[in-house]
Visitor: 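Let me give you the structure first, and then I'll get to my questions.
Here is the naming used below: chain letters follow the sequence lines, and residue numbers restart at 1 for every chain.
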There are 2 protein chains.
Amino acid sequence: MRTKISALLASQQTDIEVVAKGWVRTKRGNKNVTFIALNDGSTINNIQIVAESANFDEELLKKITTGASLCVRGTLVASPSSGQPVEILAQQIELYGAADPEKYPLQKKGHTLEFLREIAHLRPRTNTFGAVFRIRHAMAFAIHKFFNDKGFYYWHSPIVTASDCEGAGAMFSVTTFDISNPPRTEQGRVDYAEDFFAQHTNLTVSGQLEGEMGATALGEIYTFGPTFRAENSNTPRHLAEFWMIEPEMAFYDIDDNMDLAEEFLKYLINYALNNCDEDLAFLEKMYDNDLRERLRFCVADHFCRITYTEAIDILKASGKKFEFPVSWGLDMQSEHERYLVEEHFKKPIMVTGYPKEIKSFYMKLNDDGKTVRGMDVLFPKIGEIIGGSEREADYDTLVERMVEVGVPVEEMSWYLDSRRFGTVPHSGFGLGFERLILFVTGMSNIRDVIPFPRTPGNAAF
Amino acid sequence: MRTKISALLASQQTDIEVVAKGWVRTKRGNKNVTFIALNDGSTINNIQIVAESANFDEELLKKITTGASLCVRGTLVASPSSGQPVEILAQQIELYGAADPEKYPLQKKGHTLEFLREIAHLRPRTNTFGAVFRIRHAMAFAIHKFFNDKGFYYWHSPIVTASDCEGAGAMFSVTTFDISNPPRTEQGRVDYAEDFFAQHTNLTVSGQLEGEMGATALGEIYTFGPTFRAENSNTPRHLAEFWMIEPEMAFYDIDDNMDLAEEFLKYLINYALNNCDEDLAFLEKMYDNDLRERLRFCVADHFCRITYTEAIDILKASGKKFEFPVSWGLDMQSEHERYLVEEHFKKPIMVTGYPKEIKSFYMKLNDDGKTVRGMDVLFPKIGEIIGGSEREADYDTLVERMVEVGVPVEEMSWYLDSRRFGTVPHSGFGLGFERLILFVTGMSNIRDVIPFPRTPGNAAF
């Protein structure tokens with residue numbers, strides 16, 4: 001019966017017979033004894049296997065190289081070496097699979113993250129990506145647990161959609177046509193009535209609008225699914241395919257929304273600090289010396305809440321030279337957001353009351369007629385981590401805004417039904433999952449926090 | 001401060017001031033008093049609001065019709081009526097939004113499920129769909145909890161993929177081309193090098209192959225994401241977009257795999273029985289008289305484990321007339337599976353050792369050279385609920401099978417790397433999430449267990 005290496009390393013008992021299975025990270029030793037560092041993915045730490053040459057076939061020991069997979073039977077004993085509580089004195093070693101050192105790309109020496117992206121199918125076998133993906137799992141689970149404990153329902157918004165009205169970005173088309181020769185109408189246009197869904201369809205850019213349909217029936221819901229943007233952005237912060245969390249809550253106003261966003265982010269960060277410490281410590285050492293300090297910074301204090309107008313005033317009065325202009329009516333750039341968080345307030349902030357022109361049509365209009373109840377949560381290092389709003393619940397006001405910004409009212413009739421029938425005050429926000437993982441892991445390229453990144457020109461594996 | 005109706009109905013305290021918010025399900029009464037059944041989605045049960053006519057504006061009471069949304073302040077009191085522990089004596093009622101009875105489609109009278117599919121954006125406001133979607137949430141959470149508690153990692157396989165080798169079914173193309181005029185090569189072919197991903201891409205049919213890359217590094221992983229099939233199947237059991245759970249485990253042989261599948265399904269069914277009883281009771285009464293009995297049937301006993309060869313022998317010896325032929329080498333049909341489960345064994349069964357010709361290339365070949373270590377879990381009413389296998393871990397045998405069935409070895413080189421370098425015995429299975437929800441809710445059409453079903457000709461909302 002195999003025991004995971006995480007459990008072996010935490011074992012209170014020694015001098016017991018155990019079975020460990022895993023992959024060789026390193027091998028060293030001399031002609032009398034071989035030391036194998038074995039890892040099985042359950043922890044960033046390896047267990048040391050001690051194999052005395054006299055007990056093993058020389059050919060077998062030769063095949064035990066970095067990347068090879070083993071089943072080891074032996075005795076778990078207290079380790080004489082420092083830095084590890086226990087090790088295994090091997091009695092029996094079975095080689096599951098060798099890894100030819102001439103061909104296996106993950107040899108001992110360090111690899112650049114760029115190189116590892118080329119072998120995204122193998123990089124989870126490295127310390128870095130093991131740590132990142134264990135943390136990614138922990139954050140996903142914490143998200144589900146947070147919402148479940150609060151009585152929210154997980155709501156699956158559709159991925160393929162005929163609705164393209166959210167205006168969140170460029171979209172991918174989904175079709176079963178032979179693109180080299182699609183059916184055409186008599187007028188020569190592509191005849192989408194003949195396509196699988198009998199109309200032109202896209203991959204979703206956001207589950208929010210469908211999420212609102214859930215919230216205005218079940219009360220509190222959240223989505224957690226893939227979303228897509230077809231922008232040709234080759235940056236360390238953009239993916240064409242990424243995962244989003246979008247809670248949507250009936251009976252929440254903008255203040256309730258801010259309360260929830262703050263509680264949510266603090267819960268996630270505390271969960272990481274409490275459950276992923278070894279992986280965080282590794283990433284801190286390798287990539288980001290301030291990592292855990294920054295995480296603690298975000299949970300230490302109340303998030304400061306200011307209006308957009310106050311933010312602009314502070315930026316103007318700062319005397320700071322910014323690359324992008326600061327003026328009421330313009331969107332804040334990352335440099336402005338970071339100045340507010342890192343230099344001025346020295347804590348995370350939440351900004352509300354944005355000019356309606358720079359925000360989406362569905363945000364609730366304030367009484368001033370100029371600003372909307374949008375809210376952004378700004379964090380150190382990354383700027384905006386959450387964007388949300390109280391939603392416009394008034395039918396007439398919403399239709400007016402849709403007409404103003406050119407959202408087709410007729411096509412969105414289903415969405416307007418939520419305001420036509422039993423409309424309620426409600427709010428919601430969106431958290432880009434990979435942005436969260438970037439923040440929590442301290443990695444700097446978003447391609448390094450998702451198993452198989454999709455970017456312009458790349459859909460490998 | 002609002003209290004959810006689920007909490008109000010469970011309150012140990014009465015004669016306290018409370019605030020309830022929700023949607024009117026029904027209104028009745030006389031000229032002295034109005035009784036309002038209010039629901040907020042937190043439970044299938046409504047809370048009764050008692051409004052004495054003397055205390056309220058007549059116009060307000062008139063606007064309180066089915067579907068309207070209210071904020072009610074009042075006193076929570078023990079109810080004199082049977083069938084409800086408490087009710088609210090209203091002191092103040094605010095109408096958030098009316099629902100014109102001439103236009104609101106969800107009036108008191110029952111609606112067919114077919115009609116409700118046409119208004120999928122409003123149907124979560126009904127008892128049936130409230131129950132279904134609460135159960136859907138509970139099952140999703142139970143899945144994450146089951147795997148997290150066992151040390152599995154949630155693994156996001158890609159949705160857009162250039163790999164189309166799994167052969168699980170027809171695929172949707174994903175493109176940013178203007179389909180009416182895609183760029184072409186000099187030879188006149190569509191020039192996919194110019195497409196967003198610089199190649200032809202599809203929506204995934206399964207995350208398994210990428211999941212294996214996670215398992216052979218992190219040990220035990222599971223996927224839970226949307227998958228897509230472009231088959232033109234207009235049946236109560238097929239969706240073009242559905243969610244799948246695919247665990248994949250290093251160091252598991254076929255027996256470990258069966259142990260996990262059995263434990264997993266029993267955990268989920270017990271979770272539903274223990275956490276969703278009111279919703280299950282409602283669905284049982286309305287749609288499926290044997291629902292909870294069938295659920296209990298599945299957790300009562302060990303699943304019976306037989307080989308495909310034994311199954312065929314039993315079917316042949318049954319003397320039963322089947323519509324489809326029974327013969328070694330042919331796939332079993334639903335009628336065969338249901339006979340084995342419901343009539344012969346009278347418990348869920350797991351079948352292994354299928355002829356290799358009817359199973360996928362990646363299943364481990366048995367020593368007989370004829371059968372593979374596939375496994376199907378068969379349930380009452382629905383037949384196959386889980387399909388899985390021990391995976392072929394031997395590089396040469398796997399390549400041989402790929403060549404036999406025409407899977408392009410070159411394109412799959414990344415997948416083969418998991419067998420080339422440190423290969424390990426490993427296993428996995430797939431559970432269609434909506435199939436599970438169909439089974440647990442007792443609903444009979446798969447379009448009724450996902451918020452916005454995608455089927456041929458339908459991508460509305």
Visitor: Looking at Gly22(A), Pro453(A), Gly188(A), Gly225(A), which makes the most heavy-atom pairs under 4.5 Å with chain B?
Guide: Gly22(A)
Visitor: Between His121(B) (side chain only) and Met213(A) (backbone N and O only), is there a donor and an acceptor less than 3.5 Å apart?
Guide: no
Visitor: Side chain, backbone, both or neither: which part of Phe433(A) has a non-hydrogen atom closer than 4.5 Å to chain B?
Guide: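 When you check distances to chain B, only side chain atoms of Phe433(A) fall under 4.5 Å.
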Visitor: Which atoms of Ala215(A) are under 4.5 Å from chain B, going by heavy atoms: the side chain, the backbone, both sets, or neither?
Guide: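 The backbone, not the side chain.
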Visitor: Identify which part of Leu203(A) has an atom lying under 4.5 Å from any heavy atom of chain B, answering side chain, backbone, both or neither.
Guide: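 When you check distances to chain B, only side chain atoms of Leu203(A) fall under 4.5 Å.
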Visitor: Using modelled atom types and a 3.5 Å cut-off, is there a donor and acceptor pairing between side-chain atoms of Ser69(A) and backbone atoms of Thr423(B)?
Guide: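 Yes, the answer is positive, given that a donor and an acceptor are paired below the 3.5 Å cut-off.
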Visitor: For Asn39(A), give me all partners under side-chain contact (heavy atoms from CB on, under 4.5 Å), at least two apart in sequence or on another chain.
Guide: Arg25(A), Asn46(A)
Visitor: Where does the angle between the aromatic ring planes of His156(A) and Trp243(B) fall among parallel (under 30°), tilted (30 to 60°) and perpendicular (over 60°)?
Guide: tilted
Visitor: Would you say Glu241(B)'s side chain and Pro158(A)'s backbone share a donor-acceptor pair under 3.5 angstrom?
Guide: no
Visitor: Output yes when a side-chain donor or acceptor of Arg454(B) lies under 3.5 Å from a complementary backbone atom of Phe197(A), and no otherwise.
Guide: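 Not at all, since once roles are kept as given, no pair shorter than 3.5 Å links the two residues.
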Visitor: Sequence neighbours excluded, which residues qualify as side chain to side chain donor-acceptor pair (under 3.5 Å) partners of Ser173(B)?
Guide: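 Ser173(B) satisfies side chain to side chain donor-acceptor pair (under 3.5 Å) with His200(B) once adjacent residues are dropped.
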Visitor: If I measure from the heavy atoms of chain B, does Leu122(A) come under 4.5 Å with its side chain, its backbone, both, or neither?
Guide: side chain
Visitor: Using ring centroids (six-membered ring only for Trp), state whether Phe133(A) and Tyr153(B) fall under 6.0 Å.
Guide: no
Visitor: Check each atom of Pro456(A) against the heavy atoms of chain B and say whether the ones under 4.5 Å are side chain, backbone, both or neither.
Guide: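 Contact with chain B: backbone and side chain both.
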Visitor: Is it the backbone or the side chain of Phe147(B) that comes under 4.5 Å from a heavy atom of chain A, or both, or neither?
Guide: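 Looking at Phe147(B), nothing touches chain A.
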Visitor: Of the listed residues (Pro425(A), Ala138(A), Ala68(A), Ser42(A)), which shares the most heavy-atom pairs with chain B below a 4.5 Å separation?
Guide: Pro425(A)
Visitor: Which bit of Arg123(A) comes within less than 4.5 Å of chain B, counting heavy atoms only: side chain, backbone, both or neither?
Guide: neither
Visitor: Quick one: sort the Trp155(A) and Phe452(B) rings into parallel, tilted or perpendicular, breaks at 30° and 60°.
Guide: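 Judged by the thresholds at 30° and 60°, the geometry between Trp155(A) and Phe452(B) is perpendicular.
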Visitor: Applying side-chain hydrogen bond (donor to acceptor under 3.5 Å, both in side chains), run through Asn148(A) and His137(B) and close with a yes or a no.
Guide: CA-CA 9 Å; Asn148(A) 183 70; His137(B) 161 76; 2.7 Å; yes
Visitor: Check whether Ala162(A) gets within reach of chain B through its side chain, its backbone, both or neither, counting any heavy atom under 4.5 Å.
Guide: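 Contact with chain B is through both the backbone and side chain of Ala162(A).
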Visitor: I need the residue from Ala230(A), Ser157(A), Gly151(A) with the largest number of non-hydrogen atom pairs under 4.5 Å to chain B.
Guide: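 The option with the most such pairs is Ala230(A).
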Visitor: Between Asn232(A), Asp100(A), Thr201(A), Thr455(A), who has the most heavy-atom pairs with chain B when the cutoff is under 4.5 Å?
Guide: Thr455(A)
Visitor: Check whether Glu210(A) gets within reach of chain B through its side chain, its backbone, both or neither, counting any heavy atom under 4.5 Å.
Guide: both
Visitor: Below 4.5 Å from any heavy atom of chain B, which atoms of Tyr192(A) appear? Answer side chain, backbone, both or neither.
Guide: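 For Tyr192(A), the side chain is the part near chain B, not the backbone.
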Visitor: For Arg189(A), is it the side chain, the backbone, both or neither that has a heavy atom under 4.5 Å from a heavy atom of chain B?
Guide: neither
Visitor: Would you mind checking which part of Lys103(A) comes under 4.5 Å of any heavy atom in chain B, side chain (CB onward), backbone (N, CA, C, O), both or neither?
Guide: both
Visitor: Parallel, tilted or perpendicular, judged at 30° and 60°: which one describes the rings of Tyr104(B) and Phe421(A)?
Guide: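 Tyr104(B) vs Phe421(A) ring planes: tilted.
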Visitor: Check each atom of Pro182(A) against the heavy atoms of chain B and say whether the ones under 4.5 Å are side chain, backbone, both or neither.
Guide: side chain
Visitor: In terms of heavy-atom proximity below 4.5 Å to chain B, should Phe141(A) be classed as side chain, backbone, both, or neither?
Guide: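 Side chain of Phe141(A) only, per the 4.5 Å heavy-atom cut-off to chain B.
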Visitor: Heavy-atom distances under 4.5 Å only: say whether Glu212(B) touches chain A with side chain, backbone, both or neither.
Guide: neither
Visitor: Where on Ser418(B) is there a heavy atom nearer than 4.5 Å to chain A: the side chain, the backbone, both, or neither?
Guide: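 Contact with chain A is through both the backbone and side chain of Ser418(B).
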Visitor: Side chain, backbone, both or neither: which part of Thr216(B) has a heavy atom under 4.5 Å from chain A?
Guide: both
Visitor: Does Ser163(B) reach the main-chain N or O of Phe461(A) with its side chain, forming a donor-acceptor pair under 3.5 Å?
Guide: no
Visitor: Under 4.5 Å heavy-atom distance to chain A, tell me which part of Trp23(B) shows up: side chain, backbone, both or neither.
Guide: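 Only the side chain of Trp23(B) comes within 4.5 Å of chain A.
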